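Each residue takes its place number in the sequence, starting with 1. Since we're looking at a predicted model, the values are computed, not measured.
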Amino acid sequence: SSVHGVGLLDVNGDSAVPTRSFRTTVTMEGGKLCYEDVTMLAVGGTPFAHTASNCLSREMVVDLGPLEAMLGTWEGLNGATAIPTSISAAPYVERQRFTSLGAAQNEVLGEVTYGVKYECWIDEPDGTPFHHETGQWWWVPAKGLIARVTNIPRGQAFVAGGAYVEGSPMKISTNGSFAGLGMLDANGDTGIPTTAFWSTVNVNSTTFCYDDVTLLQVHGSNFEHGARNCMSRVSARRLEAHVEGWESRRLGAVSSDDSVDGLGPLADLVGTWYGSEGVTAVPTPDGTITYVERQIFTSLGGASNELLGEKTYGVKYEYWINTTAGEALHHETGHWWWLPSKEVVIRVATVPRGQLVVAGGKWSSGSPISISTDDSSVHGVGLLDVNGDSAVPTRSFRTTVTMEGGKLCYEDVTMLAVGGTPFAHTASNCLSREMVVDLGPLEAMLGTWEGLNGATAIPTSISAAPYVERQRFTSLGAAQNEVLGEVTYGVKYECWIDEPDGTPFHHETGQWWWVPAKGLIARVTNIPRGQAFVAGGAYVEGSPMKISTNGSFAGLGMLDANGDTGIPTTAFWSTVNVNSTTFCYDDVTLLQVHGSNFEHGARNCMSRVSARRLEAHVEGWESRRLGAVSSDDSVDGLGPLADLVGTWYGSEGVTAVPTPDGTITYVERQIFTSLGGASNELLGEKTYGVKYEYWINTTAGEALHHETGHWWWLPSKEVVIRVATVPRGQLVVAGGKWSSGSPISISTDDSSVHGVG
């Protein structure tokens, strides 16, 4: 009761299992983020304490050694390459992105390989896409080895490495003295095989320069296909602004990112897949490990080989495997290629422990995909292992992939030599495509939107103000309430509003919910200035959506942490029309300005834009708003929230649930991002905040919970508030007083904090 505006809004508040209150205590000690949550339910009239507790560690920061300086995004405008065509040399423009893979432990050898993954886009000077590649860099301290692994969609893959000497340029070659280096070329049986690669790289905090040479045999004569460039650091969002449309320009189709034209047997792979029945045999005392996994396949379309007059079609993939206990087990990136002129399928797998696998095989329609590193009928297959000179070298790989009944099933066999004895390291799983949920009336919202003609009435000396707006909507799928036997469908959204001159003006996040059992459509909004609300109404098919915080459904309302001031926010209502091309709304937020009602209206019509166009706008948005280049990570003014910023993992979660299970153990991941300070010009105050998102799985790997929200710090009141938006139908605003050195203790029932509930 000491905090104004706290409370709890539950659209299932009229059910047999309403949520009554929430409280939590958060402590930050010894590098751990620990919490103890208590959500009070009434199960058939009987109070039930739905508890949850866990201790999380910050995402491990791995020292990547010489790779550390590569991390980030780079741009070079003055590239030059020599190519064996009528054009003897060609200039180019290039962008590259490097992301940490952390440390990959080889438990059998007791060694660690550190890695980064990269992706590269090259254009001709006029913007015409010219080249694309993906790969990894590895640092193996035990060997003193630095290595680059590259997958080129035209049919080549290589591992080039060399001895790392601190303070000197990195010099790497496919013909070096280390084990596992080499070139594998699926077109090596043509008149233009690729035979070798070497490079010199200089990279520091501001500059990335390289001088590459790829050795080709052009009808029997050596040709050094050189490429050199110096790149400078750019922001991640500047890269996205360039990549916007890159694939569509290259492939000549707006929908090219998802195009499956020409992919042959790979077409069915495109999409996201999940599997929870994985089993692998390992040469450790465990013997076998059960696992869950997620795989994402993205079409690359066709890559032309101008010298050969052929096209190779491909998909890039990435997948993550965890044990069923929730521990990270394996991570892999790579390509699948389809060479229609040869009727050959090839998979290129880059494994951060130090292997490049190129497995291939013939394919005919209606057959499974069966590929191997030992198939003598396919040129360029093989296995390169930087640990090939160890006691546990990897000798070969084969797999069979079947696509039947909506399932992707595989059986892998990787042959190892463990102390000279062959060992079949098998792995098998069946994955289902990511569930496509019918979101009902929310379906049309999905995607990214832009409106250039917004108008709002504000209670200042400016009676009305125009604005420009962007919004992004992402599916949350279906949230099952097992106790009630009901499903809530949801989308999360984020909104950026600028003044016409580009000055950032407003930012908010939230969700929309569709509860078919109630016929309820609802919007949940978190505004960093200190307001949160649930506005809902009855959905009528074919009619505009009309929602209000004062509707007749349970759980609607407005919670305002500044409700004890002279300018409280008391209500919200809106009319929304959305279809496949247009999103129009007319919002009214009711304020009390020193005792008088003021209808703070806002209306706009938005049109669909590409996701990358949105990223191009969002580029620099936070830095413009906060006046600092590093504002996305700024913790200035965040008070007790400053330590939250970052990514956290925990594997010891326990929750009490009102089901026959009684308790569930879980693993979780939380990401906190600074929002900096949001000014309330009417009150002359600032609220500081972080937005967060977290995902919880049972230790068996099943999705358990997903949540988005904000934490706010109101320094003038010495109050901390957490706003949690739960897709099952709850908006929780919990607050409490905070003093330096104390844990954060907040509740929906704290009468000292206004606006909780």
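- No salt bridge links R353 with E332; every basic N to acidic carboxylate O contact stays at or beyond 4.0 Å.
- The minimum heavy-atom distance linking L184 with G380 is given by the pair CB-O, 3.1 Å.
- Between K117 and E318 a salt bridge is recorded (basic side-chain N to carboxylate O distance below 4.0 Å).
- The aromatic ring centroids of H330 and Y291 lie 6.0 Å or more from each other.
- For residues 155-186, every residue pair satisfying the ring pair (Phe, Tyr, Trp, His ring centres under 6.0 Å) rule, not counting sequence neighbours, is listed here: W139-Y164, F158-F197.
- In summary, the side chains of E293 and N322 do not present any donor paired with an acceptor at a separation below 3.5 Å, with no hydrogens or angles considered.
- Of the residues K316, R148, R95, R97, the one that meets the salt bridge (Lys or Arg N to Asp or Glu O under 4.0 Å) test with E133 is R148.
- Side-chain contact between I172 and I146 is present, with at least one heavy-atom pair separated by less than 4.5 Å.
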- Task: Would you please test D385 and Q355 for side chain to side chain donor-acceptor pair (under 3.5 Å) and show each step?
- Result: CA-CA 4 Å; D385 179 12; Q355 290 87 32; 3.0 Å; yes
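- Atom CD of E119 has more than 12 heavy atoms from other residues, nucleotides or ligands within 6.0 Å.
- The residue from T312, V344, V345 that alone fulfils the side chain to side chain contact (heavy atoms under 4.5 Å, CB included) condition with W337 is T312.
- For the pair T655 (side chain) and T51 (backbone), a donor-acceptor distance under 3.5 Å is present.
- With contacts defined as side-chain heavy-atom distances shorter than 4.5 Å, the pair T399/V413 does not qualify.
- Centroid-to-centroid, the aromatic rings of Y313 and W338 stay 6.0 Å apart or farther.
- Residues V315 and S299 come closest through the heavy atom pair CG1-CA, 4.0 Å.
- The minimum heavy-atom distance between P265 and W363, with the atom names listed, is CB-CE2, 3.4 Å.
- Atom CD1 of I346 is separated from atom NE2 of H335 by 12.5 Å, given to the nearest 0.5 angstrom.
- A donor-acceptor pair shorter than 3.5 Å cannot be found between the side chains of S173 and N175.
- Of the possible donor and acceptor atoms, none in the side chain of T373 sits under 3.5 Å from a partner among the backbone N and O of S396.
- Minimum heavy-atom separation, L266 to W336: CD1-O, 3.6 Å.
- Note on ring orientation: taking the six-membered ring where Trp is involved, the planes of Y692 and Y694 are parallel (angle under 30°, cut-offs 30° and 60°).
- Ring geometry for H331 against W320 counts as tilted: the plane angle lies between 30° and 60°, on a 0 to 90° scale.
- Remark: the backbone N or O of L215 is paired with a side-chain donor or acceptor of T195 at under 3.5 angstrom.
- Between the side chain of R433 and the backbone N or O of V270 there is at least one donor-acceptor pair closer than 3.5 Å.
- No donor-acceptor pair under 3.5 Å is formed between the side chain of D412 and the backbone N or O of A427.
- Classification of D389 and K143 as a salt-bridged pair holds, one side-chain N sitting under 4.0 Å from a carboxylate O.
- The NZ atom of K362 lies 13.5 Å from the OG atom of S367; values are rounded to the nearest 0.5 Å.
- In terms of modelled atom types and a separation under 3.5 Å, the side chain of H425 and the main chain of P283 share no donor-acceptor contact.
- Checked by atom type and distance alone, the side chain of Q136 pairs as donor or acceptor with a backbone atom of T350 at under 3.5 Å.
- Of all the heavy atoms in W273 and D268, the pair that sits closest is CZ2-O, 3.4 Å.
- Judged purely by atom type and a 3.5 angstrom limit, K342 has no side-chain atom pairing as donor or acceptor with the backbone of H379.
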